[in-house]
Student: 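Below is a structure I'd like to ask you about.
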Amino acid sequence: MTEVSASPAPDNSAPFQHLHPLSIILKSVGTLGQNLVAILVLHFSMFDQNFLYTGLAAAVLIALVVGVTALIWSRFTYQVTAREIRIRSGLLNRNNRSIPFDRIQDVSLEQKLISRLLGLATVALETGSGGGEDGQLDALSRADAESLRDTIRDYKAGLETSDGEAPTSAVADDRPPLFAMDNRRLLIAGLFNFSFVLLAILGAIAQNLDFLLPDDFFDPRRWLDALPEAETIDRLGSWVRFGGALAAILSLIAFGLISGIVRTFVRDYGFRLDRVDSGQPGFRRRRGLFTLTDMVMPIHRVQAAVLQTGPVREHYGWYHLKFISLAGDSGGETDHSVAPCASLPEIDPILDQCAIRRPAPDLDFQPVSPAFWWRDAILISLLLAAIALGTGFLVHRGFYALILLALPVARIQFLNWRHHQYALTESQLFVRSGWWRRRCTMLLRRKIQTVDVSQSPLDHPLNLATVTIGIAGGSGVRPLMIRDIDFNRAMALRDALIGRQNHP
């Protein structure tokens with residue numbers, strides 16, 4: 001009878017620790033901010049704008065929130081041993097969670113604006129079991145957070161620290177970054193990220209604070225009455241009216257450009273991508289104006305690279321490089337920006353780290369069937385014709401002009417067809433798609449998980465099929481699709497991809 005060796009006893013020598021006491025204030029401020037609108041509603045409705053009652057209600061709310069938050073903080077403790085992290089939490093129902101270092105796939109740090117001012121950071125742990133983050137420590141000092149992250153990385157890489165000596169830093173700040181963005185580059189990226197997100201935010205604020213606005217603020221008749229009389233408009237020259245319409249369009253475009261610039265600065269300010277050598281080799285990305293995120297993406301978890309651009313952006317030589325990775329950031333995204341606005345010479349060294357290559361200039365890309373554009377163009381034109389006839393007959397004859405939209409729609413579909421291509425090499429699969437939002441996916445063939453060939457009812461008469469390539473990463477990763485190719489070619493492509501997997 002063989003003797004089974006006993007597993008090493010768990011290390012209970014490390015003490016259980018509380019989060020930083022300032023986390024009570026951070027949590028309380030966040031909770032009170034969420035209830036601010038409720039206090040305003042009570043002030044203007046139930047309390048009839050009585051500041052005494054509103055002040056008493058606010059004081060009771062503050063005391064309740066701070067008290068409950070402090071009690072939750074006192075019951076939340078964590079312990080870092082040599083092989084795992086243990087977290088105890090819960091008021092009535094106590095929860096004891098153990099997260100072994102072996103199961104942790106990614107450790108990311110995040111600092112919101114107030115946390116950055118206080119020198120605190122949030123540590124998010126992911127085991128890859130699905131459902132997002134599997135453990136989170138909301139308020140640690142920046143040094144402790146980085147030390148914990150490096151300890152986990154060093155353990156997973158088989159490194160051991162001696163006698164409590166702090167692990168080596170994940171990356172030296174004095175090393176030149178793989179890629180970084182200054183304010184000029186952020187401005188260029190913002191100009192290409194046209195967005196109406198600020199307009200949407202203002203609209204949402206107006207909807208939630210509508211009790212502060214006049215009763216008829218959202219009534220269209222109020223604004224129609226405020227417009228100049230028709231006779232006044234008719235007296236204006238045609239060029240003046242044309243200029244007014246043009247000014248309105250230009251103002252809307254300017255608003256979209258400003259919104260894109262602001263959004264880019266908030267998200268990517270201080271963008272820096274570094275190579276990490278200690279522990280598991282990977283990339284370290286830091287960015288954010290108000291919320292600073294600091295995540296490490298292991299190279300072996302990168303599944304594919306995506307190169308995005310557009311007609312104008314490509315003309316000036318700017319591209320957006322993303323990695324599809326098993327690693328997830330604090331927002332749960334699996335498409336990670338690693339070079340939001342870069343030239344091809346800047347992108348190539350980043351791709352080299354993952355053994356991914358851009359398509360060669362002389363690479364022969366295969367087009368898809370022309371049915372890709374004319375079939376969709378016919379269907380959309382029929383739909384537009386039905387809408388134009390219905391609205392023109394029931395509402396106004398001017399709506400008959402909607403049928404003219406079929407021409408630009410057909411043109412756009414034709415351009416999308418010209419840019420939907422694929423190519424296969426010994427080690428990679430390349431798929432291009434989109435005309436206005438051009439996307440080139442570069443997938444290592446050994447990373448392919450599944451290959452499906454499907455046919456819709458409209459595909460059968462034309463003997464066409466769609467090839468769907470599955471990439472690891474769970475539900476957050478969109479499947480890669482090659483649409484409208486000949487069925488026999490689709491089956492041959494599937495066999496080639498599967499054959500490569502079986503014989504790596």
Side-chain angles (χ1 to χ4, degrees), residues 106 108-109 153 169-186 188-190 192-193 264 267-288 292-310 313-314 316-329 331 333-361 363 423 425 427-432 437-447 471-473 477 480:
D106 294 291
S108 61
L109 307 185
R153 286 179 50 80
S169 175
V171 63
D173 286 332
D174 56 352
R175 178 191 300 180
L178 286 175
F179 180 76
M181 295 178 65
D182 55 14
N183 291 339
R184 176 181 174 273
R185 188 69 64 90
L186 287 170
I188 295 174
F192 292 118
N193 290 331
T264 301
R267 180 187 59 202
D268 292 329
Y269 182 81
F271 190 100
R272 179 184 173 111
L273 183 74
D274 293 282
R275 164 71 185 235
V276 176
D277 290 325
S278 66
Q280 295 176 325
F283 302 99
R284 181 185 181 186
R285 188 194 68 188
R286 287 169 283 182
R287 66 174 181 175
L292 174 63
T293 59
D294 186 344
M295 69 164 293
V296 175
M297 184 194 323
I299 290 179
H300 74 274
R301 306 198 76 193
V302 175
Q303 303 299 299
V306 179
L307 201 59
Q308 295 179 340
T309 186
R313 180 182 294 195
E314 187 176 25
Y316 290 99
W318 299 115
Y319 299 83
H320 185 176
L321 178 64
K322 290 184 176 182
F323 281 155
I324 299 177
S325 172
L326 293 173
D329 60 12
E333 296 182 354
T334 51
D335 284 6
H336 301 288
S337 294
V338 291
C341 186
S343 61
L344 293 179
E346 293 173 323
I347 288 174
D348 286 337
I350 303 175
L351 292 176
D352 289 341
Q353 305 294 322
C354 305
I356 297 177
R357 301 291 183 269
R358 289 191 297 109
L363 183 62
T425 65
S427 59
Q428 293 183 207
L429 171 67
F430 302 93
V431 179
R432 290 174 175 171
R437 294 186 175 182
R438 301 178 182 180
R439 182 183 177 99
C440 179
T441 302
M442 299 163 281
L443 173 62
L444 293 170
R445 293 174 63 170
R446 57 186 173 84
K447 299 285 188 177
I471 307 172
V477 176
L480 184 61

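Computed from a prediction, not measured in an experiment: that's the story for all the values here.
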Student: Are the side chain of Ser427 and the backbone N or O of Arg445 linked by a donor-acceptor pair below 3.5 Å?
Tutor: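 Such a contact is absent between Ser427 side chain and Arg445 backbone.
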
Student: Which atom names give the shortest non-hydrogen contact between Arg439 and Gln308, and what distance separates them?
Tutor: NH1-NE2, 2.9 Å

Student: Which heavy atom of Ala342 sits nearest to which heavy atom of Arg185, and what is that distance?
Tutor: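 Shortest heavy-atom contact: CA-NH1, 3.8 Å.
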
Student: What I'd like to find out is whether the side chain of Leu363 reaches to under 4.5 Å of the side chain of Arg358, using heavy atoms alone.
Tutor: no

Student: Within this structure, what is the CZ-CG distance for the pair Arg284 and Asp277, rounded to the nearest 0.5 Å?
Tutor: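 One gets 13.0 Å once the value is rounded to the nearest 0.5 Å.
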
Student: Distance from Leu443 atom CG to Ile471 atom CD1, nearest 0.5 Å?
Tutor: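 The CD1 atom of Ile471 is 5.0 Å from CG of Leu443, to the nearest 0.5 Å.
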
Student: Heavy atoms only: give me the nearest Glu314-Thr309 pair and the separation to one decimal.
Tutor: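 Heavy-atom minimum between the residues: N-OG1, 3.2 Å.
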
Student: Give the minimum heavy-atom separation between Leu186 and Gly270, together with the two atoms involved.
Tutor: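 The pair with the smallest heavy-atom distance is CD1-N, 4.5 Å.
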
Student: Stepwise, does the side chain to side chain contact (heavy atoms under 4.5 Å, CB included) test hold for Arg267 with Ser337?
Tutor: CA-CA 11 Å; Arg267 180 187 59 202; Ser337 294; over 6 Å; no

Student: For Arg285 and Leu273, which heavy atoms make the closest approach, and how far apart are they?
Tutor: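 Closest approach of Arg285 to Leu273: CB-CD1, 4.1 Å.
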
Student: Angle between ring planes, Tyr316 versus Phe192, binned at 30° and 60°: parallel, tilted or perpendicular?
Tutor: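 Judged by the thresholds at 30° and 60°, the geometry between Tyr316 and Phe192 is tilted.
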
Student: Show the numbers, then the answer: is there a side chain to side chain contact (heavy atoms under 4.5 Å, CB included) between Leu307 and Leu344?
Tutor: CA-CA 10 Å; Leu307 201 59; Leu344 293 179; 4.1 Å; yes

Student: Nearest 0.5 Å, what's the CH2-CD1 distance between Trp318 and Ile347?
Tutor: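 Output value for this atom pair is 10.0 Å.
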
Student: Report the C-alpha separation of Val338 and Met297 in whole Å, then their side-chain angles, then the decisive distance to 0.1 Å, and conclude whether the side chain to side chain contact (heavy atoms under 4.5 Å, CB included) test is met.
Tutor: CA-CA 10 Å; Val338 291; Met297 184 194 323; 4.2 Å; yes

Student: How long is the straight-line distance from CD1 of Ile324 back to CG of Leu480, given to the nearest 0.5 Å?
Tutor: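 Going from the CG atom of Leu480 to the CD1 atom of Ile324 covers 7.5 Å.
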
Student: Do Leu292 and Tyr269 pass the side chain to side chain contact (heavy atoms under 4.5 Å, CB included) test, and can you show the C-alpha distance, the side-chain angles, and the key distance before you say yes or no?
Tutor: CA-CA 9 Å; Leu292 174 63; Tyr269 182 81; over 6 Å; no

Student: For the residue pair Phe283 and Ile350, what are the closest heavy atoms and their distance?
Tutor: CZ-O, 4.0 Å

Student: I need the Cys354 SG to Gln303 CD distance, nearest 0.5 Å.
Tutor: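 With rounding to 0.5 Å, SG (Cys354) is 10.5 Å from CD (Gln303).
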
Student: Does Arg357 have any side chain to side chain contact (heavy atoms under 4.5 Å, CB included) partners at least two apart in sequence or in another chain, and if so, which?
Tutor: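 Once residues adjacent in sequence are excluded, the partners of Arg357 under the side chain to side chain contact (heavy atoms under 4.5 Å, CB included) criterion are Asp352, Gln428.
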
Student: According to side chain to side chain contact (heavy atoms under 4.5 Å, CB included), who are the partners of Pro177, at least two apart in sequence or on a separate chain?
Tutor: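 Side chain to side chain contact (heavy atoms under 4.5 Å, CB included) list for Pro177, sorted by chain: Ala180, Arg272, Asp274.
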
Student: Once you round to the nearest 0.5 Å, how far does CG of Asp268 lie from CG of Asn193?
Tutor: 8.0 Å

